[in-house]
Participant: 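Below are the C-alpha cells for one structure; questions will follow.
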Amino acid sequence: MIQEQLRQLIHEALTKMSSDNGSDVSAPLTATKIAGDFPRSIEIETPNNPEHGDFSTNIALVLSGLLDAPPRQLAERIVANIPPNDIIERVEVAGPGFINFYLLPLWLHKVLEQCLTKPDRYGCSDYGTGQKVQVEFVSANPVGPIHIGNARGGPFGDALANLLATIGYEVQREYYVNDGPENTQLKIFGASVQARYLQELGIETEFPADGYQADYVVDLAQRIVKQDGDAHADVPADESGALHFFSLVEEWMVEGLHEDCAAMGIEFDRWFRETELYEQDQVRQQVNGLLQSGTAYEKDDAVWLRAAEFGDEEDRVLIRRSGSPTYIASDLAYAVDKFIKREFDKVIYVWGPDHAGYVARLQAALAAIGVKKDQSEFIIYQTVRFLEGGEPLALSKRQGNIITIREIIDDIGRDATRFFFLMRSVDAHLDFDLDLARQQSQENPVYYVQYAHARICSIQREAAKRGFEVLPLQQVDLSLLTHPDELTLLRKIADYPQLIQQAALDRAPHRLPHFAGELAQTFHQFYSTCRVLDPDQPALSQARLKLVQGTQMVLQNLLGLLGITAPEQM
RNA sequence: GCGCCUGUAGCUCAGUGGAUCAGAGCACCGGACUUCGGAUCCGGGUGUCGGGGGUUCGAAUCCCUCCAGGCGCGCCA
C-alpha cells in the first residue's frame, strides 16, 4: 500500500532528525522513541479536500505536545528530512501543522496496475495470517424459523467473517444449536407441539400458557400425524413428553434453519450441537473440574461459579438445586471446546440485544477457565423494528404473527435484504419498513451499485461486439488517464485496501455498502463525461477499458464481501 | 434502581479527535440524451450534530452531568 511507503519515509525522516546534531537534546531522543513506536494516533489519510493533497498526516500535531515544539515548525523539520524518493511530487505544511503529500500522478496508475495484476488479492492483506478466528452467529434456538427479529446477525456475521478472511485470518463460521436437554425453551416448544398434536387428533388439550402459538407449530403437529398417526397420543404431558416431541421435530427444525441460512446466502463451516457436550459428559466434567480447583463451590444444594471474582456482579449458578446444569454451565463446556480443544485464537460472539446482559457473565466464566480477555469479543446488534403500514409489528415467536426472513427474501430478494441489513451500523437500531422496501425495490441503493457493474459488463460486451481488440496490460499506456473524473475514479480504487483493513479491524461491515455506493457514483460520473470506446482515440480507449475493468474488480470484491450478486445485466 | 445501545436535514442514517467536517440516500423542485444501458448524470440545504459543563492547538467525535427513546438485568436461553 502506498500509505506504507509514506509511513516508511516519515519514519526515516524521524530517525534522521533524532541523529541530527545542533538541535535540542530531549526532542531527538523522544523522536527516536517515536520513530520506533510510531503511535497509532498518527494517521496517514486521504484528505476530504483534494486541495490538501493525495495524502495527509497529522504527525506534527500529535508529536508537538510530546516534543514540546510548535507543530508547524516540527512539520517543517520533518519535511526537510524526508529522504529522496520516486513517489512524492511535493510536500506542503498546511493549516495548524498538517503535512500534505502531493504524489506524482503515476502512483494512481501503479495502483490500477496492481489491482489488475492480482484482482482477487486486491485489498487483501496478511494482517491476521496464522491466527484462527471463529465467528459464531445466528445460533437461534431450533424452535422455529429465522425471523426478522433474529436475522440481523446472519448477514452481519457472514460479512464480518468475509472481511476477516480478507485481511488474512483463518476464519470459521459456526452456528451453535441449543438443543441441549436442559433448555427450557425447548421444553416449552415441545409441549406446544404436543398440545397441537393432540388437538390434531381431536383430543381436548389445554395449550401451554407460555406456549408457541405460531402456525408453524400446527404444521409440525400435522406432519407428525401424517408420519406416525396417533402413535404418540399416550405420551405423558410432562417434561419428558415435551422432550419426546421435540426429538420428533428436531431434525426438521435444524433442516429449516439450514434452509433459512442458505436463503440468506450463508454457509456455516460447522453446526455445533449442544447435545454433543452432554453426550460426551463435558458439562459435568467441566463443572467438576471447577469444583476441584475451587473456582466453583456448593451452596444451598446448588453449585455456584465464583463469577464475582472474575468481574461479574455476583456468583452464578452452574448446577441447579434440581441437579440440572444451567445454560452457563454448558456454555462453559462449549467454550472449553472452542478455546482449548479447537484452539481458536479468538472467538467473536455475535448476539442479539436480549443477550447484552449475558456478556459480563460469560466473560467472567471465560476468565475462570483461563481464557485471556482479548481472545473473546462480543458484538451485540441492536433491535430491528419491522414496520408495516407505519405500525411496528410484534416479533415474538410465541405469538402467531412472526415474519420469517424467508418471507422478506421472497418479497424483496436476497440482495436487497442483505444490503438493507448491512448498510447500518449494528450499534444502531434498524427500522425496516416493509412498505418502503417493497416500493423502493427499484430505487434501492443496491440496484445503483449493481447497475454500475452491469453497465461495465455492457461496455465490455459492446467492445467485443465492435471487434475492439483488448490489449494486455503491459501494452496499455495508463498514463493517458488524466481527466479529473478518471483520476477521481482511480483514487477511489486506491482507497479500497485501506477501507477493507479498517472495516475489518473496526468490525464495521456497514462501511462496505457506503463505499460501494460512492464507488458506483464515481463510476457513473466518469461514464457520463468520458467515452470509453472512442474510435478516434484508440490508445485512450485501451486505458479506459483498463480503468473500467479495475472498477469492475473492486465492485466484484465489495459485492462478494457483502454476499450480494454482481449481475452482468439487469 | 443498575447496565448496554441510540439521539446529526422533512424521513432513514453515515461520519466517533483533524483542516471546506455539517454529510449521503430517500422525498421534493428544476435541468441534460440523434453517441458505449436514462435503473444514469448535473443543479437546488437557514441543521442549537438532544441540553449544559469540561479536556484539547482543534470536539458531532473524548470526559462529566441532565433530558429523551430502545433493550437487558432469572437456579430462562
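FYI, side chains are in, hydrogens and waters are out, and symmetry mates aren't considered; it's all heavy atoms of this structure. In what follows, chains carry the letters A, B, and so on, assigned in the order in which the sequence lines appear, proteins first and then strands, with residues in each chain numbered from 1.
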Participant: Any chance you could encode RNA chain B as dot-bracket? Rule is Watson-Crick or G-U wobble with both distances under 3.5 Å; [ ] for pairs crossing earlier ones, | for another strand.
Facilitator: (((((((..((((....[....)))).(((((.......))))).....(((((..]....))))))))))))....
Participant: If you apply the rule side chain to side chain donor-acceptor pair (under 3.5 Å), what do you find for Gln382(A) with Asp427(A), and how did you get there?
Facilitator: CA-CA 6 Å; Gln382(A) 294 301 313; Asp427(A) 283 340; 5.3 Å; no
Participant: Let me know the distance between CG of Asn100(A) and P of U20(B), rounded to the nearest Å.
Facilitator: 12 Å
Participant: Using the test side chain to side chain contact (heavy atoms under 4.5 Å, CB included), find all partners of Glu279(A) that sit at least two apart in sequence or belong to another chain.
Facilitator: Thr275(A)
Participant: Less than 4.0 angstrom from a charged side-chain N to a carboxylate O is my criterion; do Arg273(A) and Asp179(A) meet it?
Facilitator: yes
Participant: Over 60° means perpendicular and under 30° means parallel, so classify the ring planes of Phe523(A) and Tyr527(A), tilted if in between.
Facilitator: tilted
Participant: Contacts to RNA chain B from residues 448-460 of chain A, heavy-atom cutoff under 4.0 Å, which residues?
Facilitator: Tyr448(A), Tyr451(A), Ala454(A), Arg455(A), Ser458(A), Ile459(A)
Participant: Could you tell me whether Arg316(A) and Asp312(A) make a salt bridge, using a distance below 4.0 angstrom between a side-chain N and a carboxylate O?
Facilitator: yes
Participant: More than 12 foreign heavy atoms under 6.0 Å from CD of Glu462(A): is that the case here?
Facilitator: yes
Participant: Please give, in whole Å, the distance from G15(B) C1' to Glu518(A) CD?
Facilitator: 11 Å
Participant: On a whole-Å scale, what distance lies between the C1' atoms belonging to G23(B) and G47(B)?
Facilitator: 11 Å
Participant: What I want to check is whether an N or O donor and acceptor connect the side chain of Gln525(A) with the base of C41(B) at under 3.5 Å.
Facilitator: no
Participant: Determine whether the aromatic ring centres of residues Phe55(A) and Phe101(A) are separated by less than 6.0 angstrom.
Facilitator: no
Participant: Given the P atoms of U6(B) and G15(B), what is the spacing between them in whole Å?
Facilitator: 11 Å
Participant: Categorize His510(A) for me: base, sugar-phosphate, or nothing, with a 4.0 angstrom heavy-atom threshold over every strand shown.
Facilitator: sugar-phosphate
Participant: Quick one: list whatever passes side chain to side chain contact (heavy atoms under 4.5 Å, CB included) with Ala333(A), sequence neighbours left out.
Facilitator: Leu277(A), Gln282(A), Val283(A), Gln286(A)
Participant: Just to be sure I understand the rule, does Arg466(A) reach a base, reach only the sugar-phosphate, or reach nothing, if contact means heavy atoms closer than 4.0 Å?
Facilitator: sugar-phosphate
Participant: Would you please determine if the base of A19(B) is stacked by Phe98(A), with stacking meaning a centroid separation under 5.5 angstrom and planes under 30 degrees?
Facilitator: yes
Participant: With rounding to the closest Å, how many angstrom separate the C1' atoms on G45(B) and G10(B)?
Facilitator: 12 Å
Participant: Specify the separation, in whole Å, of atom CZ of Arg361(A) and atom P of G74(B).
Facilitator: 6 Å
Participant: Counting the atoms with a prime plus P, OP1 and OP2 as sugar-phosphate, which does Thr529(A) contact under 4.0 Å by heavy atoms, base, sugar-phosphate, or nothing?
Facilitator: nothing
Participant: Work out how far the P atom of G3(B) is from that of C21(B), and round it to whole angstrom.
Facilitator: 38 Å
Participant: Tell me whether Glu377(A) at atom CD has more than 12 heavy atoms from other residues, nucleotides or ligands lying less than 6.0 Å away.
Facilitator: yes
Participant: Of the non-hydrogen atoms in Leu163(A) and Pro509(A), which two are nearest, and what is the gap between them?
Facilitator: CD1-CA, 3.9 Å
Participant: Phe189(A) vs Phe246(A) aromatic rings, parallel, tilted or perpendicular, using cut-offs 30° and 60°?
Facilitator: perpendicular
Participant: Identify the heavy atoms of Ile456(A) and Val548(A) that sit nearest to each other, and give their distance.
Facilitator: CG2-CG1, 3.3 Å
Participant: Just the table, please: protein N/O against nucleotides 30-32 of chain B N/O, every pair under 3.5 Å.
Facilitator:
none

Participant: Considering only atom C1', compute the distance from C4(B) to A9(B) and round it to an integer number of Å.
Facilitator: 28 Å
Participant: Please give the distance between the P atoms of A14(B) and C62(B) as a whole number of Å.
Facilitator: 15 Å
Participant: Quick one: Asp354(A) CG to C76(B) P, roughly how many Å, whole number?
Facilitator: 16 Å
Participant: Nearest to the side chain of Ala302(A), heavy atoms from C-beta on, is which of C75(B), A77(B), U40(B)?
Facilitator: C75(B)
Participant: Select from Glu274(A) and Glu314(A) the residue whose nearest nucleotide in RNA chain B is closer to the 5' end of that strand.
Facilitator: Glu314(A)
Participant: Would a 4.5 Å heavy-atom cut-off, applied to side chains only, mark Gln460(A) and Gln549(A) as touching?
Facilitator: yes
Participant: Expressed in whole Å, how much space separates the P atoms belonging to G53(B) and A59(B)?
Facilitator: 14 Å
Participant: List, with names and distances, any nitrogen or oxygen atoms from the protein found under 3.5 Å away from nitrogen or oxygen atoms belonging to nucleotides 1-9 of chain B.
Facilitator:
| from | atom 1 | to | atom 2 | distance (Å) |
| --- | --- | --- | --- | --- |
| C5(B) | O2' | Asp427(A) | O | 2.4 |
| C5(B) | O2 | His429(A) | NE2 | 3.4 |

Participant: Taking atom P in both U48(B) and C26(B), what distance in whole Å separates the two?
Facilitator: 23 Å
Participant: Closer to the 5' end of RNA chain B via nearest nucleotide, is it Ile319(A) or Thr383(A)?
Facilitator: Thr383(A)
Participant: Do the two ring centres, one from Tyr334(A) and one from Phe272(A), sit under 6.0 Å apart?
Facilitator: yes
Participant: Taking the inter-plane angle between the rings of Tyr358(A) and His355(A) on a 0 to 90° scale, is it parallel (under 30°), tilted (30 to 60°) or perpendicular (over 60°)?
Facilitator: perpendicular
Participant: Need one value for Ala94(A): base, sugar-phosphate or nothing, where a base atom within 4.0 Å counts as base even if backbone is also close, heavy atoms only.
Facilitator: base
